[in-house]
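Report on the structure given below.
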Amino acid sequence: MAVERRTLIHWFRKGLRVHDNPALIQIFNKAGASPDKFSVRPIFVLDPGILDWMKVGANRWRFLQQSLLDLDKNLKELNSRLYIVRGKPVDIFPNLFDRWNVELLTFETDIEPYAVKRDKAVQDIAAAHGVKVDTHCSHTIYNPEIVIAKNFGRAPITYQKFLSVVEKLKLPKVLDKPQRLPNGVQPIADELEMGQSDVYECPTLDQLVKRPQELGINKFPGGEREALRRLDTSLSDEHWVASFEKPNTAPNSLEPSTTVLSPYLKFGCLSARLVHQRLHEILKRHPKHSKPPVSLVGQLLWREFYYTAAAVEPNFDRMLGNVYCLQIPWQERPDHLDAWAHGRTGYPFIDAIMRQLRQEGWIHHLARHAVACFLTRGDLWISWEEGQRVFEELLLDHDWALNAGNWMWLSASAFFHQYFRVYSPVAFGKKTDRTGAYIRKYVPELAKYPAGCIYEPWKATLADQREFGCVLGIDYPHRIVNHDIVHKENIKRMSAAYKINREVRTGKQEDEIDYDSSMSLTTRQRNASFET
DNA sequence: CTGTAGTTGAGAAT
DNA sequence: ATTCTCAACTACAG
């Protein structure tokens, strides 16, 4: 009787692709070289418990479900398949290691604090079971650890500094997909006996989506296939690629003015390293091309910038105890927060963006700027953490490091400090959509308002409102704040908060600091408890 | 210490 | 389309 094969596991988490996947290639190569000795098992661990508590909206679950289905298909073309293992990683791995006779586990590293903790626990379990573990950094172009080491142990906190560090680093080699396995899928004895051949199937949509009524249109389907198709389409116009400058793209065009590769990069359906290589090839042919931070390469490097900063701060998604983050006395306004989150602020441009987000799961980067500024330092004076939570639920491309980093940026809590530059919820959108077509699409109750007042419906007389079929206070809300007034007050509040933070940082005596002009007592006390 | 730059402000003046 | 003013931030280079 033949000796039972030993199993090599690749654990997919992010990185839901077969191209440029070093941890996957490792086990394929090892098994391909000795097919009689090894079985390959690519797994994805699905914890049914997280469906109840994780802040993931229906559109995001659908994207994941489609990505898993596509990954299974791509693995089948390589004579393998995807095994979905249901349970918590710390519960299922001891079992798998024993039953599958596992020799090696590989996975892609992840800097998110919960992932770091989870991976450490699994590595300990593997060690206890005599299973070797190999990890690879392939979610980002540069390894955050190396960038930090080259910057003398600290993450760069300006983009220019970050650029100067990574420009000296070697680029990783981009890998093709693995060779087909010679033997195909190997059943394991105990599964055949137990008749459980279907327990590892991909989840169906209704297994993941608990509230299907929240599903919007499926404008950006998940999966590696779609990601690579979208990449090809985006790069097909080389002049567009070479001259791309983010600030010159419209936040409110009816079709995206940018690539929308972000959801695919987030899940790793698309390799950032591959995108970078493809861009580089194109730019070589176009000597006069745009450059970071505004170019397409620059966009990839922003992602790297935030990943690097987040990698060394477990509190990156919070104000308190976060080394990068300014302490600002935000206020709680659940009614305003709810109006913002559901597109009912009474500012048509803001509401259109928030409704597009809820329906489609993606909005332009500058649209994110407009609504983030509005929620925080611009108008509502609500904590960026609240906005972060809403984006986490709704954005297909939600990525822990990028979301937190950008919220800190927009709220002038970190990385960006020119808090007196405030986006106008009226003027900003007009620059790229004078007629308000975008508002008409996403806030249809205002569709009959003329261009002259669609950004400011409160300027229409009651008679006009009736004529346009949308009366404020009945068919569409009154604006919840007056931007012209509150944004000036908020600049003063920011100025006071910066002053306090400066004094705390430079070690001014506690009793000399005039907290009351800026910071509430509760915020001060919470800060104090963190500093000790 | 000083000067300057900083992915993407608004509004007015030229 | 570019340039200035508004009021004034931080990080970094020199």
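Order of the sequence lines fixes the chain letters, A, B, ..., with proteins taken first and strands second; residue numbering starts at 1 for each chain. Just so it is clear, the values below take in all heavy atoms, side chains as well, and ignore hydrogens, waters and symmetry mates.
- Using a 4.0 Å heavy-atom cutoff across all strands shown, A:Q160 reaches sugar-phosphate atoms only and no base atom.
- Spacing between atom NE2 of A:H369 and atom C1' of B:dA10 amounts to 17 Å, rounded to whole angstrom units.
- Under the 3.5 Å distance criterion, the side-chain polar atoms of A:Q327 are matched with a main-chain donor or acceptor of A:M319.
- Among the heavy atoms of the strands lying under 4.0 Å from A:V422 are primed sugar atoms or P, OP1, OP2 only; no base atom is included.
- To the nearest angstrom, C1' of C:dT10 lies 17 Å from NZ of A:K499.
- To the nearest angstrom, C1' of C:dA11 lies 6 Å from CD1 of A:I157.
- Residue A:H483 is tested with A:D379, A:T345, A:N490 for a side-chain hydrogen bond (donor to acceptor under 3.5 Å, both in side chains); the sole match is A:D379.
- When the P atom of C:dA11 is taken as reference, atom CH2 of A:W409 falls 12 Å away, rounded to whole Å.
- Separating the P atom of C:dA7 from that of B:dA13 is a span of 15 Å, rounded to the nearest Å.
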Review point. Can A:W409 and A:W384 be said to form a ring pair (Phe, Tyr, Trp, His ring centres under 6.0 Å), step by step?
Key: CA-CA 10 Å; A:W409 181 288; A:W384 60 269; over 10 Å; no
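- The side chain of A:H417 lies closest to C:dA11, out of C:dA11, B:dA10, B:dT7.
- Put simply, CD on A:Q418 is 14 Å from P on B:dA10, counting in whole angstrom units.
- Taking 4.0 Å as the cut-off between side-chain N and carboxylate O, A:D397 and A:K266 do not count as a salt-bridged pair.
- The aromatic ring of A:W302 sits over the base of B:dT7, with ring centres less than 5.5 Å apart and planes tilted by under 30°.
- On the C1' atoms, B:dT2 is 23 Å away from C:dC6, given to the nearest whole Å.
- Atom name C1', nucleotides B:dA5 and C:dA8: the rounded distance is 14 Å, in whole Å.
- Taking the side chain of A:F420 as heavy atoms from C-beta on, and the options B:dT8, C:dA11, C:dC9, the nearest nucleotide is C:dC9.
- Between A:R421 and B:dA10 there is no side-chain N or O to OP1 or OP2 distance below 4.0 Å.
- Within the 4.0 angstrom heavy-atom criterion, only backbone atoms of the sugar-phosphate kind lie near A:F428; the bases stay farther away.
- One interatomic measurement links the two molecules: OH of A:Y455 to P of B:dG11, which rounds to 13 Å at whole-angstrom precision.
- A straight line from OH of A:Y324 to P of C:dC9 spans 24 Å, rounded to a whole angstrom.
- Under the Watson-Crick and G-U wobble criteria, each requiring two contacts below 3.5 Å, nucleotide C:dA7 is left unpaired.
- For B:dA10, one of the phosphate oxygens OP1 or OP2 lies less than 4.0 angstrom from a side-chain nitrogen or oxygen of A:K431.
- Closest approach to the A:Y419 side chain among B:dT7, B:dG11, C:dC9 is made by C:dC9 (side chain taken as heavy atoms from C-beta onward).
- In this structure, A:E281 places its CD atom where more than 12 heavy-atom neighbours from other residues, nucleotides or ligands lie under 6.0 Å away.
- Using a 30° and 60° split on the angle between ring planes, A:W340 and A:F391 fall in the parallel class, below 30°.
- Taking atom P on both B:dT7 and C:dA1, the two are 25 Å apart, rounded to the nearest angstrom.
- The CZ atom of A:R502 sits 11 Å away from the P atom of C:dA11 (whole-angstrom rounding).
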